[in-house]
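Just below is one structure, and these are the notes that go with it.
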Amino acid sequence: MASTDKEAATRDVTPSNPRGIPYAPFVDKVEDYVSSRADVEPTLRRFQEMIAKYQFMEQNLQRRVLGLKDKMPDIRKTLETVRFLKTRTGESEPIETTFELNDTLYAKAQIPPTDEVYLWLGANVMLAYPIDEAEALLDSKLQAAKQSLSNCEEDLDFLREQITTMEVAVARVYNWDVVQKRKEKEEEEKQQGKRDESASGS
């Protein structure tokens, strides 16, 4: 019994990509979705809503990609700095550097060899880390950001494909409706012709 329930649940799950974005239905035969002209409007509305949802997800992902592309150079630069500090031994001379206090204000500093660095974690929080831990943390953050960027770009391609699939579906349903209208008109004209013939015959 449990396995039957599990099979049913698996069947009901909408196929999706690895991040859970559902595949758009591929409309091969319009008749599978529309049985009469009365179904056309609700079906087109449903398809347009799906397109809007995909476009909304696409916009969110584009913003996320921009955020990641902004953040990654900072992580990379901080990681390079930590690796540079790691190469300096106790006998190394202090180095003179300029660091940023705010957008327009800089200060000079002498930095002796150190085995500890302070990292901004966000939300006005800064923590001290041993250099090895700081390097490992920054490296894992950089790898996570790269993976996230790769996933986002993959999802954007996937979303564009789904939007195209839905636009094709909308066009097919619309064309089917046009053909049905034409058939109905021809049928009406045929019936009218028969009525006219029978009227003139009598």
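Sequence positions, counted from 1, serve as the residue numbers for this chain. Values in this document were obtained by computation on a predicted structure and should not be read as measured data.
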With a 4.0 Å cut-off on N to O distance, would you call K86 and D115 a salt bridge? no
Give the C-alpha distance, both sets of side-chain angles, the deciding distance and a yes or no for side chain to side chain contact (heavy atoms under 4.5 Å, CB included) between E31 and W176. CA-CA 9 Å; E31 291 79 5; W176 182 89; 3.2 Å; yes
Any donor-acceptor N or O pair under 3.5 Å, side chains Q143, Q147: no
Group every Ile, Leu, Val, Met, Phe, Trp and Tyr by side-chain heavy-atom contacts under 4.5 Å, then state whether L121 and M126 land in the same group. no
Is there a donor-acceptor pair closer than 3.5 Å between any side-chain N or O of Q162 and the backbone N or O of A24? yes
Between the main-chain N or O of S35 and the side-chain N or O of D39, is there a donor-acceptor pair closer than 3.5 Å? yes
Between CD1 on residue I51 and OG1 on residue T165, distance to nearest 0.5 Å: 10.0 Å
salt_bridge(D74, K71) N-O dist < 4.0 Å: no
Is there a donor-acceptor contact under 3.5 Å from the side chain of S150 to the main chain of K146? no
Here the gap from Q48 atom CD to Q55 atom CD, rounded to the nearest 0.5 Å, amounts to 8.5 Å
Tell me if the centroids of the rings in F158 and Y23 come within less than 6.0 Å of each other. yes
hydrophobic_cluster_shared for V178 and V27, side chain cutoff 4.5 Å: no
What about V125 and Y129, same hydrophobic cluster or not, with Ile/Leu/Val/Met/Phe/Trp/Tyr joined at side-chain heavy-atom distances under 4.5 Å? yes
Any Lys/Arg nitrogen of R83 or D139 sitting under 4.0 Å from an Asp/Glu carboxylate oxygen of the other? yes
Can you get from F99 to L105 by hopping between Ile, Leu, Val, Met, Phe, Trp and Tyr side chains that sit under 4.5 Å apart? yes
Starting from the C-alpha separation in whole Å, work towards a yes-or-no answer on side chain to side chain contact (heavy atoms under 4.5 Å, CB included) for Q110 and I95. CA-CA 6 Å; Q110 295 275 336; I95 52 170; over 6 Å; no
Output the distance between atom OH (Y33) and atom CZ (R46), rounded to the nearest 0.5 Å. 8.0 Å
Is there a side chain to side chain contact (heavy atoms under 4.5 Å, CB included) between L142 and R76 once you walk through the steps? CA-CA 7 Å; L142 185 60; R76 207 174 272 121; 4.2 Å; yes
Is any side-chain heavy atom of E116 closer than 4.5 Å to one of P130? no
When you compare the side chains of N60 and R63, does any donor N or O come within less than 3.5 Å of an acceptor on the partner? yes
Would the distance check show the side chain of S148 and the main-chain N or O of A144 forming a donor-acceptor pair, the cut-off being under 3.5 Å? no
Where is the tightest heavy-atom contact between T98 and K108, given as atom of each residue plus distance? OG1-CG, 4.2 Å
Distance in Å, L68 CG paired with L61 CG, rounded so as to fall on 0.5 Å steps: 10.0 Å
For the pair Y174 and V40, evaluate side chain to side chain contact (heavy atoms under 4.5 Å, CB included) and give the outcome as yes or no after the intermediate values. CA-CA 8 Å; Y174 181 79; V40 169; over 6 Å; no
Are F84 and I75 in one and the same hydrophobic cluster, where Ile, Leu, Val, Met, Phe, Trp and Tyr link if side-chain heavy atoms are under 4.5 Å apart? yes
Other residues, nucleotides, ligands: >12 heavy atoms within 6.0 Å of N124 CG: no
